[in-house]
Amino acid sequence: MNVTALKRTAVTRASSTRPRGYVRGVAEPVKNAFDAAFVERIADAGVQADTAFDRAAFTAAVMAELDALELKDRISLVADQVLIALGGDVTAALSAVVEMASTVAAITDDSQAWGESMEAWPLCSVVERHGLADIEASLAAMPQLTRAFSCEFAIRPFLSEHLDRTITECHRWAASERPAVRRLASEGTRPHLPWGQGVKALVADPEIGLTILDTLRHDPDEVVRRSVANHLNDIARHAPERVVEVATAWAGDPEIDPGMIRHALRSLVKKGDLGAMAALGFTTDAQVEIVSFAVNPSEIVLGESITLGTELRSTATTDQKLVVDFVIHHVNADGETSPKVFKWTTIDLAPGEIRTLTKKRRIATASTRRYHAGTHRVELQIAGTVVADDAFDLPQGS
């Protein structure tokens, strides 16, 4: 599971008899996955793993607080109470925690599961919240837990408190036979892991993570390579030149996954970074004439769509490979505007060629964007340079 996607994913129970039974696409808060029935399944797994597991006390303590809590607080509550029900000593409890995770995720001995069971998340959180009491045992437990759910959050306190020891283990994980463990080495060390505890050292020194990524850049599993790309994209926030340098070197390798390089450089390309564009083989000095650019209609109400249209002509004497984006300057609540770059397309343009492009975008409130009344400027950006602009209005009350 891509854990960061949980922020956008709604879930519901597919079957009360299937411990991994959550499906995407139903508009229900993610926190509702961790409900009374889930608590009973965790309790069942606890008793199965250790007959001394205090089922009654665990269930009572969790249910007394669960309904009032949001998602991450529910995770923490269950994690804390699992450890208490197992006696309170993390070293003694870890083997039971691993077994519980395998039970709720329906893991078999020969399973190569990708850690897709959200129900095992609180069990990984036992390590995150309490595992520093026994570093070695916790580091040994994490690869086992990845069979049920990712330990990318669990590793963060260890990176903060015991960086060298934890990074040494990450290098071992990067050579694992299991792709979920290899992904943990990359994902867990991201400088800006969504929902993860911050680790200042990873931001200050990108080389820490780059030594791991170098091992994983040819990984046979696409999910691992995706994590490598996201890690590089994180580094680009603070060290764009270094990321461009690495991506340029990797792009010259005929065995590299070009999609991984594109994904790694996506934010830099949106920002118009010429080095990133060059690394991907795009033209960095576009020679085009903008015949027309318009946004229609010029006024809409929230929930409707705008259509961008442009006609451009190459003025170059050679072929051009161009990145075409558009920028919406969103009106904020205070009347000021903030720009947001959106991907439009990439085109190959022959000398003298005229090309017509259109793009539709729905203007609607989302979890990451609220729209306010006013004039929203829209810019056409080619090869990182704004070459034309127009606007649309959102009236008051729309």
Side-chain angles (χ1 to χ4, degrees), residues 1-5 112 114-115 146 150 152 167 169-194 202-203 205-286 318-325 341 343-349 383-384:
M1 168 174 282
N2 178 356
V3 178
T4 62
Q112 292 297 310
W114 248 109
T146 60
S150 173
E152 64 204 60
I167 289 297
E169 200 66 19
C170 286
H171 281 284
R172 287 167 49 87
W173 293 342
S176 171
E177 293 182 355
R178 291 187 53 241
V181 179
R182 299 196 303 272
R183 177 186 178 273
L184 174 60
S186 168
E187 196 72 11
T189 56
R190 283 177 59 178
H192 300 284
L193 179 67
L202 298 177
V203 176
D205 184 5
E207 300 303 323
I208 295 172
L210 285 173
T211 59
I212 296 171
L213 303 190
D214 193 61
T215 300
L216 297 173
R217 71 184 190 276
H218 290 305
D219 198 277
D221 195 288
E222 183 180 358
V223 178
V224 177
R225 297 196 304 274
R226 187 82 167 185
S227 176
V228 170
N230 286 333
H231 191 139
L232 280 174
N233 189 59
D234 279 3
I235 295 175
R237 294 195 198 181
H238 303 285
E241 299 87 355
R242 184 69 177 110
V243 171
V244 168
E245 180 183 10
V246 170
T248 300
W250 288 6
D253 184 341
E255 297 182 3
I256 205 71
D257 175 8
M260 180 183 71
I261 302 296
R262 288 193 300 271
H263 196 64
L265 297 177
R266 65 191 185 278
S267 293
L268 290 179
V269 169
K270 278 188 174 184
K271 291 178 180 178
D273 187 287
L274 298 182
M277 291 184 191
L280 295 173
F282 290 109
T283 301
T284 57
D285 183 18
T318 59
D319 291 345
Q320 299 182 88
K321 184 178 181 181
L322 301 174
V323 176
V324 182
D325 297 316
V341 181
K343 179 70 179 174
W344 189 333
T345 189
T346 60
I347 59 173
D348 293 309
L349 202 61

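Bear in mind the structure is a predicted one, so any value in this text is a computation, not a measurement.
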Between [X] and [Y], is any pair of side-chain heavy atoms under 4.5 Å apart?
X: D348; Y: D319; answer: no
X: M260; Y: H263; answer: no
X: N230; Y: R266; answer: yes
X: H192; Y: L202; answer: no
X: L280; Y: R262; answer: yes
X: H218; Y: D253; answer: yes
X: I167; Y: T189; answer: yes
X: T345; Y: L322; answer: no

Taking atom [atom1] of [X] and atom [atom2] of [Y], what is their separation to the nearest 0.5 Å?
X: R226; Y: D221; atom1: CZ; atom2: CG; answer: 12.5 Å
X: T146; Y: R183; atom1: OG1; atom2: CZ; answer: 10.0 Å
X: Q320; Y: T284; atom1: CD; atom2: OG1; answer: 10.0 Å
X: T318; Y: L349; atom1: OG1; atom2: CG; answer: 10.5 Å
X: L232; Y: S227; atom1: CG; atom2: OG; answer: 9.5 Å

Review point. Less than 4.0 Å between a side-chain N and a carboxylate O, is that true for D219 and R182?
Key: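 Salt bridge between R182 and D219, a charged N being under 4.0 Å from a carboxylate O: yes.
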Search all heavy atoms of [X] against all heavy atoms of [Y] and return the closest pair with its distance.
X: A236; Y: V243; result: N-CG2, 3.5 Å
X: A174; Y: A185; result: N-CB, 3.9 Å
X: E152; Y: L184; result: N-CD1, 3.6 Å
X: P191; Y: D234; result: CD-CB, 3.6 Å

Check your understanding: So I212 and H171, side chain to side chain contact (heavy atoms under 4.5 Å, CB included) or not? Walk me through it.
Key -> CA-CA 6 Å; I212 296 171; H171 281 284; 3.7 Å; yes
Practice item. Output every pair passing side-chain hydrogen bond (donor to acceptor under 3.5 Å, both in side chains) with a member in residues 270-279, not counting sequence neighbours, ordered by first then second residue. Key: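 Residue pairs passing side-chain hydrogen bond (donor to acceptor under 3.5 Å, both in side chains), neighbours aside: none found.
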Review point. Sequence neighbours excluded, which residues qualify as salt bridge (charged side-chain N to carboxylate O under 4.0 Å, His left out) partners of R217?
Key: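 Result, salt bridge (charged side-chain N to carboxylate O under 4.0 Å, His left out) vs R217: D214.
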Practice item. Decide salt bridge (Lys or Arg N to Asp or Glu O under 4.0 Å) for R190 and E187; before the verdict, give the C-alpha distance in whole Å, the side-chain angles of both, and the deciding distance to 0.1 Å. Key: CA-CA 5 Å; R190 283 177 59 178; E187 196 72 11; 2.9 Å; yes
Practice item. Return yes if some donor-acceptor pair links the side-chain N/O of H238 with the main-chain N/O of V203 below 3.5 Å, else return no. Key: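 A pair under 3.5 Å: no.
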Which donor-acceptor pairs under 3.5 Å do the side chains of residues 244-252 make with protein atoms, sequence neighbours left out?
residue, atom, partner, partner atom, Å
E245, OE1, R242, NH1, 3.2
T248, OG1, V244, O, 2.7

